[in-house]
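Taking it in order: structure first as structure tokens, then the write-up.
Note on naming: letters A, B, ... go to the chains in the order of the sequence lines (proteins, then strands), and numbering restarts at 1 for each one.
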Number of protein chains: 2
Amino acid sequence: MTRDDPTPLGRRDRKKRQTRAALATAALRLVAERGLDQVTVEEISEAADVSARTFFNYFPTKDDALVGDPEADRDRALRALAAVPPEQPALEALRRAFTEVVDEVQGDAELWLLRMRVVVQHPVLLARLVSGNAVTEQALVSAVAARTGLPPDDAYPALVVAVAGAALRTSMIRWATCDGAGSLAALLDEAFAAVAAGLPDPRTS
Amino acid sequence: MTRDDPTPLGRRDRKKRQTRAALATAALRLVAERGLDQVTVEEISEAADVSARTFFNYFPTKDDALVGDPEADRDRALRALAAVPPEQPALEALRRAFTEVVDEVQGDAELWLLRMRVVVQHPVLLARLVSGNAVTEQALVSAVAARTGLPPDDAYPALVVAVAGAALRTSMIRWATCDGAGSLAALLDEAFAAVAAGLPDPRTS
DNA sequence: ATAAAACTTTGCAGAGGCTGCATCTTTAGC
DNA sequence: GCTAAAGATGCAGCCTCTGCAAAGTTTTAT
């Protein structure tokens, strides 16, 4: 009758995840209430019931506690991208890869809505959210270059990835400003459709 | 025989510009040599022959000394955008606005090549370069919304602006990685043409 | 020319972000 | 249980950035 534990993690790793989550949510909650500069690391740590020093064992920066875990998202996106058959055009492949990420986001809607609210009110963080993608972006560019077989100095891979990223970003912001009403995936599809159509001026439609 | 001074600035403003430029170039040079974390504000200030305290009278942040003057670029872009007749589609209007900015960049090629080299090696700065645009972007979104007459909650303006920004960013990085060989304006036009065509997969052409 | 006004530079003190190191506690594996 | 690895904590210290007040300099008005 003993089922496989869905999480083969020991108590130690469980506690780590727990502490990390506690710090992240405490940070988001406090910053949402008071603003970025009115919250110190010490206050965040206290809210999560750990020492201030421990905070920096989990996040290299105060900001990093607010923007989530870009590495996880990157891995997810890369795996999803690799799963799309190479015959598919790059833009469509990226749309599918991002759909994966977007599903994850909508699964944690509560958390992500709070996060996006905080992020749009503090452009420094928006920057950080994008720069977390700077690493991601490079990986995606390489993947696209490989799948299209283009020479490594071609402009296309970097351009598609950057544009697709722009579509994802605006979709997420739009989703958050509507307080999560509606499907994020649908917004993303709309955005990608508009891009694939060459962004025609809507007046002339 | 007294000609009009081409710069109607007093000695005070001239010195301010001079100091600002000295700080910015010193910062870029030092960071290019040693890396972002191996340069302190005190060293930058010393290289520019002012006190460390004065540095912060010019730039709110060490990073800000490296990314240039986004406000100036924003104003230029907005003015250029306003000058494009409203019948032109939004994407084309943005292309022309950015051409203005790009001309300015290529005018200061030396400085901008150094800046881009520094920026690509420090994603945090890339972030800052983009976030300087976060303010710019909002202004551009409003301008596009106004010129297209779309409802303020429409997704289109934010999407075109973000995508156009992505095209600008990748073009500038591409230009810098080729050490400024070739015309930045030409690269930008290529990128915008690809976007306007819907980013078709280059293999199927 | 001179004095007042306006602005800049600078030093100082201090808060907060962040790191390295040593120590102590908890957990995992035997 | 015992030992070794890993995490948590405290502490000292550097750096970024800000407010304040004391110079010093440029501009303006007389």
Side-chain angles (χ1 to χ4, degrees), chain A residues 5 7-28 30-31 33-67 69 118 122-125 127-128 131-132, chain B residues 2 5 7-24 26-28 30-31 33-67 69 118 122-125 127-128 131-132:
Chain A
D5 198 358
T7 59
L9 281 57
R11 172 171 328 188
R12 183 175 281 173
D13 296 274
R14 245 179 299 137
K15 272 199 169 182
K16 262 180 82 173
R17 278 169 185 266
Q18 203 173 313
T19 302
R20 190 186 175 84
L23 283 169
T25 57
L28 281 172
L30 288 172
V31 172
E33 280 172 11
R34 297 189 221 159
L36 187 56
D37 295 338
Q38 273 58 59
V39 177
T40 71
V41 169
E42 192 159 343
E43 291 169 319
I44 297 172
S45 309
E46 191 152 338
D49 203 35
V50 293
S51 82
R53 185 63 184 84
T54 296
F55 177 95
F56 291 105
N57 288 337
Y58 282 88
F59 302 101
T61 293
K62 181 166 77 166
D63 298 354
D64 282 303
L66 298 165
V67 296
D69 187 354
V118 164
H122 298 279
V124 193
L125 296 179
R128 211 108 183 173
S131 121
Chain B
T2 55
D5 197 1
T7 59
L9 280 58
R11 169 171 331 188
R12 185 177 282 171
D13 296 274
R14 245 178 299 138
K15 273 197 169 182
K16 264 180 80 174
R17 277 169 186 264
Q18 203 173 313
T19 302
R20 190 186 174 85
L23 283 170
L28 281 172
L30 288 172
V31 171
E33 280 172 11
R34 297 189 221 161
L36 187 55
D37 295 338
Q38 272 57 59
V39 177
T40 70
V41 169
E42 193 159 344
E43 292 169 318
I44 298 171
S45 309
E46 191 152 337
D49 203 35
V50 293
S51 83
R53 184 62 183 84
T54 296
F55 177 95
F56 291 105
N57 288 338
Y58 281 88
F59 301 102
T61 293
K62 181 166 77 165
D63 297 354
D64 281 304
L66 298 165
V67 296
D69 186 353
V118 165
H122 299 279
V124 193
L125 296 179
R128 211 109 182 173
S131 121

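- Within 6.0 Å of the CD atom in B/Glu46, the count of heavy atoms belonging to other residues, nucleotides or ligands does not exceed 12.
- Atom CZ in A/Arg17 sits about 16 Å away from atom C1' in D/dG7, given to the nearest Å.
- Taken from CG in A/Asp64 to CG in A/Leu23, the straight-line distance is 12.5 Å, to the nearest 0.5 Å.
- For D/dT26, the OP1/OP2 oxygens have a side-chain nitrogen or oxygen of B/Lys15 closer than 4.0 Å.
- The side chain of B/Ser51 contributes no N or O atom lying less than 4.0 Å from OP1 or OP2 of C/dT9.
- Side-chain N/O atoms of B/Thr61 include one lying less than 4.0 angstrom from OP1 or OP2 on D/dC17.
- When the P atom of C/dT19 is taken as reference, atom NZ of A/Lys62 falls 14 Å away, rounded to whole Å.
- Atom P of nucleotide C/dG17 and atom CG of A/Asp37 are separated by 9 Å, given to the nearest angstrom.
- In this structure, A/Asn57 atom CG and C/dG17 atom P are separated by 16 Å, rounded to whole Å.
- Computed from coordinates, the B/Glu42 CD to D/dT16 P distance equals 9 Å when rounded to whole Å.
- The distance from atom CZ of A/Arg53 to atom P of D/dG10 is 11 Å, rounded to the nearest whole Å.
- The distance between atom CZ of B/Phe56 and atom P of D/dC20, rounded to the nearest whole Å, is 18 Å.
- A close approach under 4.0 Å does not occur between any side-chain nitrogen or oxygen of B/Tyr58 and OP1 or OP2 of C/dT8.
- Atom CG in A/Asp49 sits roughly 8 Å away from atom P in D/dT9 (whole-Å rounding).
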